[in-house]
Amino acid sequence: MYVGIDDTDSEKRMCTTYLAALLCEKLGTVELPRLIRLNPNIPYKTRGNGAVCLIVEGDRALIKKTVLDMVGEYAQFEEKKTNPGVVFIEKLNPADKKKLRDFYRRAVSELVSIENAEKCASSVGAEFHKFKNGRGIIGALAAIGAELPDKTYEIIAYRSHRKKEKKIDVDSIYRMDKETYPETFNNIDNNTGRILIFPHGYDPVFCGIRGNSKSVVEKAWAMVKPLEEIERTQIFVTNQGTDAHLRKKKIAELKPYDCAILNGTVAKEPRTIAGGHILFGLRDLTGEITCAAYKPTGPFRNTVKKLLLGDRIEVFGGISKHPNTFNLEKIRILKLAKVYLKDSPTCCGRRMTSAGKGKGYKCRKCGKRAREIRLKEVLRDLVKGFYEVPPGARRHLSMPLIRMKPKAGRSTGKE
Ligand code: ATP
């Protein structure tokens, strides 16, 4: 039976993955549980917009009772934003699988409604349980429907004490990263040295290590030395780091909260606004949009600042709070505009100077004149390729460049 669960946590307490880990122990699972990240731009999320799916076998009534009892016991009902949802599906035929896959594709990339989730759930014969406004059924259903043509793994360690600070031998994390990167990723922000495997707050997660295989995340965890009691660990299969949320779109097709890949030309040069954010205009045949590299994207902004009018680029990201602003996760420079500067000719061993407006050049020594205006191509301080935000500013779903397989015509440029 497929069990989808979402929206049980609050900003400070609980984590739906912890509930999944407890249920895995209680019910046993046929496969590794899935941790599915959904649209990172939606306003309802508490943190990373994650939902879980378990595949379990056994007495159906007992499974359902156990899951619902545990959600009742652990979900943070008093929190305004917490609206749990649970979905049970006993069997899926190929047509139902396709419907659910399509629903997942929308939920990971666009804004969907609770009514839409209910309709889809009913059409595949799912049993769903809504708590409070029940928004969680969106994530619960999408987690069951998730297709994972590309997948990654995360080992999550849960701690016995729920204090804010984490006790760990910090050097062991750097050693682990050195030994396992790039098969594990997003451990450390190399620009700042900040360790990224810890979530903030009091929730039960001690740390999470992400990687390309189950064995590498197990190996990485074995290298880390926690200095406090760890209650349990659980490995999840995930869509993290796979770009599952990105769809090629035209600017005119973008709706609020959409995730997308746009292809266009720089139409307004980058400018820095208060707070250190960089904005520039991108145009395609259907319209124009403002692209933003916010301050937390750190050195990525230095690349964005160097874009010039006419540069052809692909931008990866989405629309969040501001409807006409596209938040950048990465960019790919396809073609750099050629830039020229006037280049004065030389005479008598030095540069000729302007002879007046529209009158060409004049040699100050011998008086010789030159009419033609010569242009010199300026070398651009940018190369074609991909550029990404640093790991500390990265979305859970964003594929790090280090995971991108080089294909023909696809260079990862410099990071
Ligand atoms: P986590 O802490 O588990 O990483 P989160 O706490 O950030 O995730 P949730 O608590 O799961 O986020 O809250 C997100 C809510 O938004 C859930 O109710 C989920 O069903 C809903 N949701 C997910 N994707 C969409 C979407 N595309 N459109 C609308 N609602 C969505």
Side-chain angles (χ1 to χ4, degrees), residues 4-23 33-54 71 74-87 100-121 126 128-146 154 156 158 186 196-205 207-208 210 234 236 238-241 244-247 255-260 318-321 394-397:
I5 309 172
D6 194 14
D7 210 345
T8 64
D9 51 6
S10 70
E11 245 159 65
K12 286 206 167 152
R13 300 198 192 285
M14 255 300 285
C15 175
T16 307
T17 68
Y18 180 64
L19 192 55
L22 295 179
L23 283 167
R34 289 189 211 157
L35 163 56
I36 301 300
R37 299 287 177 180
L38 297 166
N39 186 346
N41 300 312
I42 59 135
Y44 314 110
K45 66 174 187 176
T46 338
R47 279 164 297 188
N49 201 8
V52 298
C53 167
L54 315 178
V71 170
Y74 284 92
Q76 305 293 299
F77 292 102
E78 62 290 347
E79 184 74 25
K80 195 167 159 248
K81 258 188 159 182
T82 302
N83 296 289
V86 177
V87 176
L100 286 180
R101 191 195 61 201
D102 291 347
F103 181 79
Y104 159 70
R105 285 188 182 174
R106 264 186 295 138
V108 75
S109 187
E110 299 174 8
L111 181 73
V112 296
S113 67
I114 302 175
E115 296 71 48
N116 226 275
E118 283 184 53
K119 259 194 212 152
C120 178
F128 57 89
H129 297 257
K130 292 162 65 185
F131 301 84
K132 294 169 65 186
N133 79 15
R135 182 176 308 282
I137 63 162
I138 298 173
L141 194 65
I144 296 177
E154 178 164 359
I156 304 185
Y158 302 94
N186 293 358
L196 303 173
I197 64 172
F198 300 123
H200 313 291
Y202 298 85
D203 65 71
V205 177
C207 74
R210 294 157 188 203
Q234 179 65 53
F236 291 87
T238 91
N239 60 353
Q240 294 170 158
H245 58 316
L246 300 176
R247 310 271 177 273
K255 299 184 299 301
Y257 308 111
D258 271 6
C259 307
I319 297 188
S320 190
K321 272 183 230 141
R394 204 171 279 159
R395 301 283 204 190
H396 295 291
L397 278 163

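For ligands, and for the atoms within them, numbers begin at 1 and follow the listed sequence. We number each residue from 1, following the sequence as shown. Keep in mind the model is a prediction, meaning the values are calculated, not measured.
Interface atoms of ligand 1 facing L111, defined by a heavy-atom separation under 4.0 Å, are 28 (N), 29 (C). The contact set between ligand 1 and N39, taken as ligand atoms under 4.0 Å from a residue heavy atom, comprises 27 (N). Heavy-atom contacts of T46 reach the following atoms of ligand 1: 5 (P), 6 (O), 7 (O), 9 (P), 10 (O), 12 (O) (cutoff under 4.0 Å). For ligand 1, the atoms lying closer than 4.0 Å to a non-hydrogen atom of G136 are 18 (O), 20 (O). Within ligand 1, the atoms closer than 4.0 Å to a non-hydrogen atom of D7 are 9 (P), 10 (O), 11 (O), 13 (O), 15 (C), 17 (C), 18 (O), numbered from 1 in the order shown. For ligand 1, the atoms lying closer than 4.0 Å to a non-hydrogen atom of R135 are 16 (O), 18 (O), 19 (C), 20 (O), 21 (C).
Checked options V108, I319, L397, N41; the residue passing with C259 is N41 (criterion: side chain to side chain contact (heavy atoms under 4.5 Å, CB included)).
Listed for the T82 side chain is no donor-acceptor partner under 3.5 Å among the backbone atoms of D7. Side chain of K132 to backbone of P84: no donor-acceptor contact under 3.5 angstrom is found. Looking only at distances, a side-chain donor or acceptor of N39 sits under 3.5 Å from a matching main-chain atom of E110. The backbone N or O of H245 sits nowhere less than 3.5 Å from a side-chain atom of R37 that would complete a donor-acceptor pair. Checking side-chain atoms of R34 against main-chain N and O of I144 turns up a donor-acceptor pair under 3.5 Å.
Taking only nitrogen or oxygen atoms, main chain and side chain alike, G139 reaches within less than 3.5 Å of ligand 1.
D9 OD2, 2.7 Å is the protein heavy atom nearest to atom 2 (O) of ligand 1. Of all protein heavy atoms, the one closest to atom 16 (O) of ligand 1 is I42 CD1, 3.3 Å. Closest protein heavy atom to atom 4 (O) of ligand 1: R37 NH1, 3.0 Å. The nearest protein atom to atom 27 (N) of ligand 1, hydrogens excluded, is given as E110 O, 2.7 Å; this is a heavy-atom distance. Looking at atom 7 (O) of ligand 1, its nearest protein heavy atom turns out to be R47 N, 2.4 Å. Of the protein's non-hydrogen atoms, the one nearest atom 14 (C) of ligand 1 is N49 OD1, 3.4 Å. Residue, atom and distance of the protein heavy atom nearest to atom 11 (O) of ligand 1 are D6 OD1, 2.6 Å. Among protein heavy atoms, the minimum distance from atom 8 (O) of ligand 1 is reached at G50 N, 2.9 Å.
A tilted orientation is assigned to the rings of Y18 and Y158, their planes being inclined by 30° to 60°.
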Item to check | N133 and Y44: CA distance, side-chain angles, deciding distance, side chain to side chain donor-acceptor pair (under 3.5 Å) verdict | outcome: CA-CA 12 Å; N133 79 15; Y44 314 110; over 6 Å; no

Next on the checklist: As a quick check of understanding, evaluate side chain to side chain contact (heavy atoms under 4.5 Å, CB included) for I138 and R106, giving each step before the final call.
Outcome noted: CA-CA 10 Å; I138 298 173; R106 264 186 295 138; over 6 Å; no

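Contacts between V112 and ligand 1, counted as non-hydrogen atom pairs separated by less than 4.0 Å, involve both the backbone and the side chain.
The CG atom of D9 sits 14.5 Å away from the OH atom of Y74 when rounded to the nearest 0.5 Å.
Side-chain polar atoms of N49 and R395 form no donor-acceptor pair below 3.5 angstrom.
Within the structure, ligand 1 has A107 among the residues with a heavy atom less than 4.0 angstrom away.
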